[in-house]
2 protein chains.
Amino acid sequence: MKPKISDVAKVAGVSPTTVSRVLNNRGYIGEKTRQKVDEAMKQLNYFPNDVARSLFIKKTFLIGVIFPTTTNPFYGQLIFHIENIAASLGYKILLCNSQGQEDKERSYLRMLQRNQVDGIIAGAHNRGVKEYDIPTLPVVGVDRYLSENIPVVSSDNYDGGRQATQLLINKGCRNIIHINGPIYLETPANLRRKAYEDVMKDNQLPPITYETDGDNQAVIKQLFDENPRVDSIFASDDLIASAVIREAKLRKRNIPSDFKVIGYDGTETTRLLLPELSTIQQPIREIAEKTIDILTKEINEEGDRSQMETILPVRLIESETT
Amino acid sequence: MKPKISDVAKVAGVSPTTVSRVLNNRGYIGEKTRQKVDEAMKQLNYFPNDVARSLFIKKTFLIGVIFPTTTNPFYGQLIFHIENIAASLGYKILLCNSQGQEDKERSYLRMLQRNQVDGIIAGAHNRGVKEYDIPTLPVVGVDRYLSENIPVVSSDNYDGGRQATQLLINKGCRNIIHINGPIYLETPANLRRKAYEDVMKDNQLPPITYETDGDNQAVIKQLFDENPRVDSIFASDDLIASAVIREAKLRKRNIPSDFKVIGYDGTETTRLLLPELSTIQQPIREIAEKTIDILTKEINEEGDRSQMETILPVRLIESETT
DNA sequence: TTTCATATGTCAACCGGATGACATATAATT
DNA sequence: AATTATATGTCATCCGGTTGACATATGAAA
């Protein structure tokens with residue numbers, strides 16, 4: 001049986017209350033007593049039961065984190081930083097991979113509430129999941145509009161889209177196509193596409209966009225078939241950009257002289273595996289920092305309801321595909 | 001204030017015990033009563049408090065997961081599958097990024113015990129962290145020997161190393177160099193190197209190994225400088241392999257005619273970003289499955305202490321760098 | 001000598017829910 | 001009419017730790 005406070009008290013020869021006082025540094029405690037208690041805890045290999053503690057203090061120091069999948073390098077890196085910063089503040093992470101499925105998202109939300117998390121960070125969101133509006137529970141969205149009452153942190157997607165498109169134009173491209181993931185999500189990431197369209201129009205160029213539903217390869221083939229004169233592609237993330245490069249090489253296009261590609265995200269993993277890819281790098285660490293900052297302030301009821309949207313600057317990385 | 005069982009009872013016009021009976025499906029419950037209770041719960045937006053429940057039943061359905069970092073695509077994908085399978089069994093994941101630091105690992109272990117996790121899955125391990133030997137708590141290691149009493153799940157690293165080396169030899173390479181990450185970890189992954197050395201010796205070829213401490217690029221440059229005649233490299237993971245390719249291209253080596261590279265891991269992300277890389281693919285999903293299978297059996301005290309090591313087969317992916 | 005800060009103990013209530021014991025009531029069976 | 005399965009209520013206890021109230025003891029300062 002796991003030892004409890006009363007067991008520690010017996011071994012140390014003090015009262016349970018005294019042990020609790022030592023644990024929580026409350027009231028008067030003598031130096032010798034503290035030592036006796038510490039020794040007893042070590043001897044019994046005692047660990048305070050945070051479940052019991054949480055029940056009483058009505059706080060778990062748990063943060064629920066919902067993203068589509070840790071497999072994607074962007075989310076993997078973002079979650080790493082979130083966990084990291086949270087841990088430094090004494091918070092622990094309950095991990096949820098929603099996989100873009102509404103029902104999973106809903107059931108995770110129930111689960112997190114049953115577990116009495118102190119707050120939720122979510123970057124997954126299907127239209128129609130209204131369950132995020134929980135009056136009693138702080139929630140922060142990352143790159144996703146969850147509800148009018150929920151603060152969002154994202155990078156400057158519009159500026160990123162603008163920079164990417166402008167770069168291609170500056171390099172002399174005219175037949176620039178944008179390709180993005182599922183657009184039905186109400187996400188600030190759609191601004192990348194909007195910026196692309198705006199910049200194209202400003203330059204009297206016709207915007208053409210494709211959308212992948214997951215099968216990147218098929219859509220990209222179609223794109224090339226339907227647009228033989230395409231001279232560059234702005235992909236809404238680096239994975240798609242990579243598939244584009246692949247297909248372009250198969251079609252004997254010369255990168256970057258004959259054909260240019262720029263991606264989006266600029267994760268550590270992409271930089272390592274595909275350093276030649278030009279891309280728009282998101283400030284992942286800063287997004288994590290800001291998100292936790294807002295969330296913990298809401299948890300401690302110091303939330304600033306005036307700033308509902310936080311936008312962080314992106315950085316253009318010019319490499320060898322542009 | 002969050003509603004509790006007694007609030008639900010009041011609204012439904014029944015006793016708290018009856019509500020608890022409905023929640024746990026225990027004893028006799030009338031259909032009308034069940035409906036009244038369900039409605040009351042919906043009306044109050046009631047969620048059972050799992051903290052209180054856990055305290056009483058002495059089970060949290062929490063699994064602590066400790067790996068170096070979710071940023072690495074191998075761990076990201078592994079954790080995704082672990083979370084996924086765990087969720088389907090009603091378990092939740094407490095995520096820990098140890099970053100290869102002993103002190104972090106230790107403090108995570110304390111944290112997990114305080115939180116009364118039902119079990120721990122760990123793939124991080126620094127020599128000297130003996131705290132994994134927790135008599136009362138099921139632990140399973142992934143690709144890491146944590147202690148003599150802790151079961152390990154890994155892929156067949158020796159066979160992977162053998163296949164990789166043999167492939168290079170079969171392709172006519174003779175100056176094959178192995179490069180791996182920090183080797184001081186007591187990990188089955190060291191078998192990759194052992195296999196490389198064995199195969200080389202079997203073929204009367206001198207094994208040469210390099211070790212990176214994190215700064216891949218520097219070590220790789222040094223490797224090329226010191227071994228101008230190197231004709232192929234077996235890297236212990238795909239990220240290193242990618243850096244090797246990078247450097248080889250800088251040195252105008254022609255891949256694969258003039259110079260060959262094979263990596264290790266074969267994650268989804270690598271396959272997407274660097275599909276041309278030949279590699280040894282680990283069965284990540286199966287590793288996750290087996291790990292959880294062993295862990296849950298230990299949690300339910302159906303553990304099979306005879307099988308302390310589980311080794312799953314790897315798969316050679318021949319692509320364009322060999 | 002009195003006063004007070006320090007140190008520790010005892011005791012009870014509480015956090016929210018689970019559960020066993022027991023009482024009671026209704027309706028269906030025998 | 002007696003028995004039994006079904007349905008619900010009351011009550012107390014427990015899970016492990018926190019906290020406030022109150023008592024008591026000691027040594028130092030006033």
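Every chain is numbered from 1 and lettered A, B, ... according to where its sequence line falls, protein lines coming before strand lines.
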Got a second to check how far B:Arg285's CZ is from B:His81's NE2, nearest 0.5 Å?
5.0 Å

Any side-chain N or O of A:Arg53 less than 4.0 Å from the OP1 or OP2 oxygen of D:dT18?
yes

Both B:Thr17 and A:Ile57 contact DNA chain D. Which one's nearest nucleotide lies toward the 5' end?
B:Thr17

Think A:Ser20 has a side-chain N or O under 4.0 angstrom from the OP1 or OP2 of D:dT18?
yes

Using a cut-off of strictly less than 4.0 Å, decide whether B:Arg26 has a side-chain nitrogen or oxygen near OP1 or OP2 of C:dT19.
yes

From CG of A:Leu55 over to P of C:dC14, roughly how many Å is that when rounded to an integer?
14 Å

Output the distance between atom NZ (B:Lys290) and atom OG1 (B:Thr310), rounded to the nearest 0.5 Å.
5.0 Å

Residue met sooner reading DNA chain C from 5', once A:Lys32 and B:Pro48 are mapped to nucleotides:
A:Lys32

Indicate whether OP1 or OP2 belonging to D:dA7 is found under 4.0 Å from a side-chain N or O atom of B:Tyr28.
no

In whole Å, I'd like the distance from the CG atom of A:Asp50 to the P atom of C:dC15.
20 Å

Atom CE in B:Met41, atom OH in B:Tyr46: separation rounded to 0.5 Å?
8.0 Å

Which whole-number value in Å describes the distance from A:Phe56 CZ to D:dC15 C1'?
15 Å

In dot-bracket form, how is DNA chain C paired, counting a Watson-Crick or G-U wobble pair only if both its distances are under 3.5 Å and using | for bases paired to another strand?
||||||||||||||||||||||||||||||

Looking at A:Asn45, A:Asn49, A:Leu44, which one forms a side chain to side chain contact (heavy atoms under 4.5 Å, CB included) with A:Phe47?
A:Asn45

CG-CG distance between A:Leu95 and B:Leu94, expressed to the nearest 0.5 angstrom:
9.5 Å

Rounded interatomic separation in angstrom, taking CD from A:Gln113 and P from C:dG16:
16 Å

Rounded to the nearest Å, what distance is computed from the CZ atom of residue A:Arg21 to the P atom of nucleotide D:dT18?
12 Å

Determine whether A:Glu298 and A:Arg305 satisfy the following criterion, salt bridge (Lys or Arg N to Asp or Glu O under 4.0 Å), listing intermediate values before the conclusion.
CA-CA 9 Å; A:Glu298 288 220 355; A:Arg305 311 295 302 165; 2.7 Å; yes

Find the distance A:Leu44:CG to D:dG17:P and express it as a whole number of Å.
12 Å

Hey, is the side chain of B:Asn24 poking within less than 4.0 Å of OP1 or OP2 on C:dA18, counting only N and O atoms?
yes

Taking N and O atoms by type only, does the side chain of A:Ser54 place a donor or acceptor under 3.5 Å from a partner on the base of C:dC15?
no

Applying a 4.0 Å non-hydrogen cut-off, can you work out what A:Val51 is touching in the nucleic acid: base, sugar-phosphate, or nothing?
nothing

B:Phe67: which of B:Leu78, B:Asp143, B:Asn72, B:Asn97 passes side chain to side chain contact (heavy atoms under 4.5 Å, CB included):
B:Leu78

Is the phosphate of D:dG17 approached by A:Tyr46 (side-chain N or O, under 4.0 Å from OP1 or OP2)?
yes

C:dG16, OP1 or OP2 - any side-chain N/O from A:Lys58 closer than 4.0 Å?
yes

Please give, in whole Å, the distance from D:dA7 C1' to B:Ile29 CD1?
10 Å

Could you state the atom-to-atom distance from CG of B:Asn49 to P of C:dG17 in whole Å?
5 Å

Step through the shown structure and confirm whether more than 12 heavy atoms of other residues, nucleotides or ligands are within 6.0 Å of CD on A:Glu148.
no

Kindly point out which of C:dA18, C:dG16, C:dG9 is positioned nearest to the side chain of A:Thr18?
C:dG9

